[in-house]
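Because the structure is a prediction, the values reported are computed rather than measured.
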Amino acid sequence: MEPFNPYAVIEGILIDQQTQEPISFGTVGIRNSSIGTVTNQNGEFRLNIPDSLSTGSLYFSHVGYLPQEVHIAVLINHHTTFSLEPKNISIQEVIVRLVNPQKIIRDMLDKRKDNYASTPVYFTTFYREGVERKKGFVNLSEAVFKVYKNPLQTLRTDQVKLLKMRKISNTAEKDTIITKIKSEVNACLLLDLVKNLPDFLSPESLGNYEYRHTDLTLIEDRMANVITFEQRASMKEPLYKGDLYIDTENDALLMAKFEMNPDHIKAATSMFIEKKSRSLSLKLDKVQYAVSYKYWNGKYYINHIRGDLHFKIRTKKQFFSSPVHTWFEMVTCDIETEDVSRFMRNETFPQTTVFSDMNFVYDNEFWGNFNIILPEEELHEAISRITSKIEETNL
């Protein structure tokens, strides 16, 4: 007799209804539940759904599209293509009124206590980070964390407990070439922009930026103001530029996409490197981030965080530099609001360590049922081309 599997599996791809192109980082979740994931860069996803929720509905959403909802029962054990209809809202289609972008930001800050959790919560998150060099695969680390998230008004740091981890490395890469990147687990926690205000959202620093109201768009079924920002020309230090998506009715920050200003980026290299070989010359080339929130039970919670860092690296023996791309992302797979308490000190993950150096025990049975962000096709191909290993060591 086959063992009972308490999970139903739904797989598919999310595409644009008009262009048929895949939709990257679209939100996939169970209606009236905190369980969910996001599509990868190829629009693909897989969701393991507890049997107790198999009679519910699955919803799909992405900025600029009408959301879609489908009954789970008709999708189980099928690979399905889902399409979303684009729905950009032109400013000309609505009543034109004078909009002060800084006022929209200040209203968002004033409404944080109403829109975001005022009590601690647990997040169960899937985390991934990797490094590519010369378009070749260097290493990939993945983990499941339980995060103790402090309420908005608390200054104490969030806590992370490592539940499971796995890692794959290219044994052909020399140790002297592999650059150690500062802990991106800690970066994910800091990228909760609502709790840890960056300078482009801090009331004291708004004067360092120029803000423009550039569009209206749809996120799930909510209309959002698009506020574009960029550091003022008089500011010479490396700051940011990007877009903020703020709900037109309740003033919640729904999403942010931003990057370090390309004009000043080389000066910021030391901010992102933990350590490197003395024989290496390293320059920062591009830094991009995306942060989104999801609505559940009357509050907004972190949904997905993605960071992409690009460097130019050169050894003393090389005349030309080669590209290095490191990335990290974290998705919230489940939220718990009951019986939430801080972890014991010996349970917490040291957030300032280089994550890829961590030891771990590989658990194949666990990874079979946990919701992850599916790896992209290019990542699959890269792994298959190299001599690799899954490291299995004791914690």
Set of ring-ring contact (aromatic ring centres under 6.0 Å, His included) partners for [X], sequence neighbours left out:
X    : value
Y148 : none
Y122 : F343
H310 : H325
F82  : F45, F60

With sequence neighbours left out, write down each residue that passes side-chain hydrogen bond (donor to acceptor under 3.5 Å, both in side chains) with [X], or none if nothing qualifies.
X    : value
S34  : D334
K312 : none
T332 : none
Q153 : none

- Item | Carboxylate-amine/guanidinium contact E336 K146, below 4.0 Å |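 Salt bridge between E336 and K146, a charged N being under 4.0 Å from a carboxylate O: yes.
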- Item | E259/K286 ion pair, N-O < 4.0 Å | no
So, using side-chain contact (heavy atoms from CB on, under 4.5 Å) as the criterion, who are the partners of [X] when residues are at least two apart?
X    : value
S57  : R31, E69, H71
L66  : E85, K87, L218
Y116 : R112, V194, A252, L253, Y293, Y300

- Message: Strictly distance-based, threshold 3.5 Å: is any side-chain N or O of N261 a donor or acceptor partner for the main-chain N or O of P238?
- Response: no
- Task: Determine yes or no for a side-chain-to-main-chain donor-acceptor pair under 3.5 angstrom, with Q231 supplying the side chain and E237 the backbone.
- Result: yes
- Task: Sequence neighbours left out, what passes salt bridge (charged side-chain N to carboxylate O under 4.0 Å, His left out) with K257? Give chain and number order.
- Result: none
